[in-house]
Structure formats: structure tokens, C-alpha cells
Amino acid sequence: MLVSLKELMEDAEKGGYAVGAFNVSNLESLMAIMQAAEETGRGVILNYAEVHAPFLSMEQAALIMLDAAKKAKVPVCVHLDHGSSMESCIQAIRLGFTSVMLDASAEDYETNVRETKEIVRLAHSVGVTVEAELGHIFSSDMGLAESPKEAETLESFDSAEDVYTDPATAKDFVERTGVDVLAIAFGTTHGIYTKKPKLDLERITKIKEAVDIPFVMHGGSGLSKEEFQTAIRNGIRKINYYTYMTLAGGRAVKEALDQKAPDENVFFHDIPMIAVEAMKENVKEAIQVFGMEV
């Protein structure tokens, strides 16, 4: 069933778990996510990120994501991830997305506040949930930055305090914008980890003490089960997850093709199904960890 992000977050808050937000970059990734959700009986968030527009336009994504959500036996939110502008968010709302993220974290603080407040006003008028980001969450080696700030590195800043989300600032931001959920920076990055991330998991608790709304972890792939679940206990309620899902699909296809004899026929229609099965199993594992299953 198609639901808003707010509904999923309310249940997650009550249950003390996090909901997985999985990027849809093509039909096969959508199939894998929905099969995993149905098999685990858990609600999910279908993310559409503008960075994936070369693979799938927002209009195309809306058609297949909304159809899958409406037919699902579990609650499903259709979410615009890292919306680059007010216009992108408005487009997503008009297409039927039940949640949007305006990522103005690359702007100065007052601009982030002003633009987020305006999209909150527009989205709430039609029952759509809004996510925003405060702090800086970078990309590692994937080559697809979600927002302009991700092209920078930690070394671009004087200290981690300039990168990580400040609790007092988070409180001010939420009070002034009315945003429903907040993506916070505490050391995770988008993409494949080339070295062990330095996480400040206690920062989540400090931010939660300052402002009690659901928090989002971006760059959620690649952490240990213990790190995920500590973050969830401290207040994370939505976890964006894509890189290691799509990597699992790619690796499964490579392994299957490597096993073929040089003269053996390869039918293209078999290849996506290999990836779907591998991605589904990876998503199922993530869903179970986020649901705090041991």
C-alpha cells in the first residue's frame, strides 16, 4: 500500500527500528526491493535520486514505483532523494511521490532554512512529507555525487565540527522549517568505503536530546550490523542503502558469466534475473538488520 514517509516514521519511532530506503535506478532494482519487502513482511521506502536520471527519468520512475507501492501488501513510501531544487520537489509531488527531500545542504545555513521552510509549506498542504539535510555527507569512490558538497573532502574543512551536524543548529533548523525528518552527518559517506569510516555515533544521541524527530542515515551501505543497530538505538529511523545492493547484483552477474564456457550462449534476458535475485537477498539482510533482528 502507498503511504507517506510520516506514517512509516511514526511506526519506526514506536517500535525502535529503522526503515530501509532503497534507490530505484531501473526496473530490476525495483523488483529486487519489492520482492525483499514482501518476503520479509516489512515496509520500505523507494528512493528516486536525480543522480540516476541517465538510467531512469523521474517520470519513468514514478510510473513503476507508484504502481508497485499501490499493489504491495506492505506499506511503501515513494520518496525523492536529494532533490536538487524546489522545482524537482514540486515535480515529484505532482507525479504522486508521497515524500520529498530538498537537499540545500550545499547552500549557506539561512538559504537552507528558507528553501526548506518553503517546500515544507507546499508539501504539507497536499499531505507530502519532507526530509532535509544538515551537515555534509560525502561520496567515496562511486563517482556519482548526490549533491555538490560531495565533491569536497573532509580536508576541505577546518575540523570535523564543520562537517558533522551540530545539535543546537539542528534544533533551530527544525523549529524554523517544520521539516518532518532530518538527514544528519556523523561520519558516513555515500559509495564504497575505501577505508573504515570514523563514526560519531554518540552525536546522534546528542542531536536527539536537542530535537526529537526521526533522523536519517545517508551513506548507509558498508557498516557493520553493530554500527547500524547502535545508530538506530540512538535515533536513526531511516537508512538510505544502495551501493552494496547494486554491487551484489553486479558481482552475481560477473560470477555467472565467468562460469560460462567461451563458446556457450549468453541470453541477455537471463542476466537481469541473476542480478535481481542477488540484490533481493542483500536487501532482505539489510531490512532484517534495520528491523533490529539478531
Side-chain angles (χ1 to χ4, degrees), residues 1-15 17-50 52-53 55-83 86-103 119-132 178-183 213-214 216 218 220 237-242 245 276 279-280 283-284 286-288 290-291:
M1 69 194 81
L2 178 64
V3 301
S4 72
L5 180 60
K6 185 176 181 180
E7 292 174 75
L8 286 176
M9 294 295 93
E10 287 175 349
D11 288 343
E13 282 281 304
K14 292 175 186 175
Y17 61 87
V19 182
F22 304 96
N23 284 27
V24 174
S25 58
N26 50 34
L27 178 60
E28 289 74 26
S29 56
L30 175 64
M31 292 169 62
I33 297 161
M34 293 311 304
Q35 288 175 22
E38 296 278 4
E39 290 182 20
T40 58
R42 293 275 190 174
V44 293
I45 299 155
L46 298 176
N47 274 353
Y48 175 76
E50 288 184 277
H52 291 143
F55 315 133
L56 189 71
S57 72
M58 191 189 299
E59 293 86 352
Q60 292 168 326
L63 289 172
I64 61 174
M65 292 164 69
L66 289 166
D67 180 66
K70 291 171 182 176
K71 292 177 179 177
K73 297 176 183 178
V74 296
V76 179
C77 167
V78 175
H79 175 75
L80 174 66
D81 186 42
H82 288 283
M86 298 276 289
E87 290 75 18
S88 295
C89 291
I90 291 169
Q91 181 187 9
I93 292 169
R94 286 175 173 165
L95 287 170
F97 284 55
T98 55
S99 177
V100 296
M101 176 191 183
L102 176 65
D103 184 2
I119 202 64
V120 166
R121 183 185 70 81
L122 294 171
H124 283 185
S125 71
V126 290
V128 172
T129 312
V130 179
E131 175 185 337
V179 72
D180 300 289
V181 297
L182 186 65
I213 67 168
V216 183
H218 284 242
R237 293 291 171 257
K238 172 178 177 278
I239 298 177
N240 284 24
Y241 186 96
Y242 175 70
M245 174 189 86
V276 167
M279 289 190 292
K280 180 191 76 173
V283 171
K284 283 172 65 175
I287 289 172
Q288 288 162 350
F290 301 164

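Below, each value reflects all heavy atoms present in this structure, side chains not excepted, and no hydrogens, waters or symmetry copies. Note that this is a predicted model, so its numbers are computed, not measured.
The distance from the CG atom of Leu102 to the CD1 atom of Ile119 is 6.0 Å, given to the nearest 0.5 Å. Atoms CZ and CG, on Arg237 and Leu5 in that order, are 13.0 Å from each other to the nearest 0.5 Å. Put simply, OG on Ser99 and CG on Asp81 are 9.5 Å apart, with the number rounded to the nearest 0.5 Å. Separating the CD1 atom in Ile239 from the CD1 atom in Ile45 is a distance of 10.0 Å, to the nearest 0.5 Å.
Stacking of Arg42 on the aromatic ring of Tyr17 is recorded, both the 6.0 Å distance cut-off and the 45° axial limit being met.
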Leu95 and Met58: CA distance, side-chain angles, deciding distance, side-chain contact (heavy atoms from CB on, under 4.5 Å) verdict: CA-CA 9 Å; Leu95 287 170; Met58 191 189 299; 3.8 Å; yes
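Here the closest non-hydrogen pair linking Val78 and Ala69 is CG2-CB, 4.0 Å. The nearest pair of heavy atoms linking Leu8 to Cys77 is CD1-CB, 3.7 Å. When all heavy atoms of Val100 and Ala92 are compared, the closest pair comes out as CG1-CB, 3.9 Å. When every heavy atom of Ile90 is checked against every heavy atom of Leu122, the shortest pair comes out as CD1-CD1, 4.1 Å. In plain terms, the two heavy atoms of Ala62 and Phe97 that are nearest each other are CB-CE1, 3.7 Å. Residues Gly178 and Val120 share a closest heavy-atom pair of O-CG1, 3.7 Å.
Checked options Leu27, Leu30, Ile64; the residue passing with Leu56 is Ile64 (criterion: side chain to side chain contact (heavy atoms under 4.5 Å, CB included)).
Within the 4.5 Å cutoff, the side chain of Val19 has no heavy atoms near those of the Lys238 side chain. Side-chain contact check for Glu131 versus His218: some heavy-atom pair is nearer than 4.5 Å. Residues Leu80 and Gln91 form no side-chain contact, since every pair of their non-hydrogen atoms from C-beta on lies 4.5 Å or further apart. No side-chain heavy atom of Tyr48 sits less than 4.5 Å from a side-chain heavy atom of Val24. Counting heavy atoms from C-beta outward, Met245 and Ile33 have side chains that approach closer than 4.5 Å. Side-chain contact between Gln35 and Val283: absent, with no pair of heavy atoms (C-beta onward) separated by less than 4.5 Å. Taking the side chain as every heavy atom from C-beta outward, Met101 and Asn47 never approach each other to under 4.5 Å. Between Glu50 and His82, the closest side-chain pair of non-hydrogen atoms is not below 4.5 Å.
Asn26 places a side-chain N or O within donor-acceptor distance of the main-chain N or O of Glu28, the cut-off being under 3.5 Å. Side chain of Glu38 to main chain of Ala72: no donor-acceptor pair is present (N/O by atom type, distance under 3.5 Å, no hydrogens or angles). Distance alone, capped at 3.5 Å, places no donor-acceptor pair between the Ser4 side chain and the Thr98 backbone. At distances below 3.5 Å, at least one donor-acceptor pair connects side-chain atoms of Thr129 with backbone N or O atoms of Lys6.
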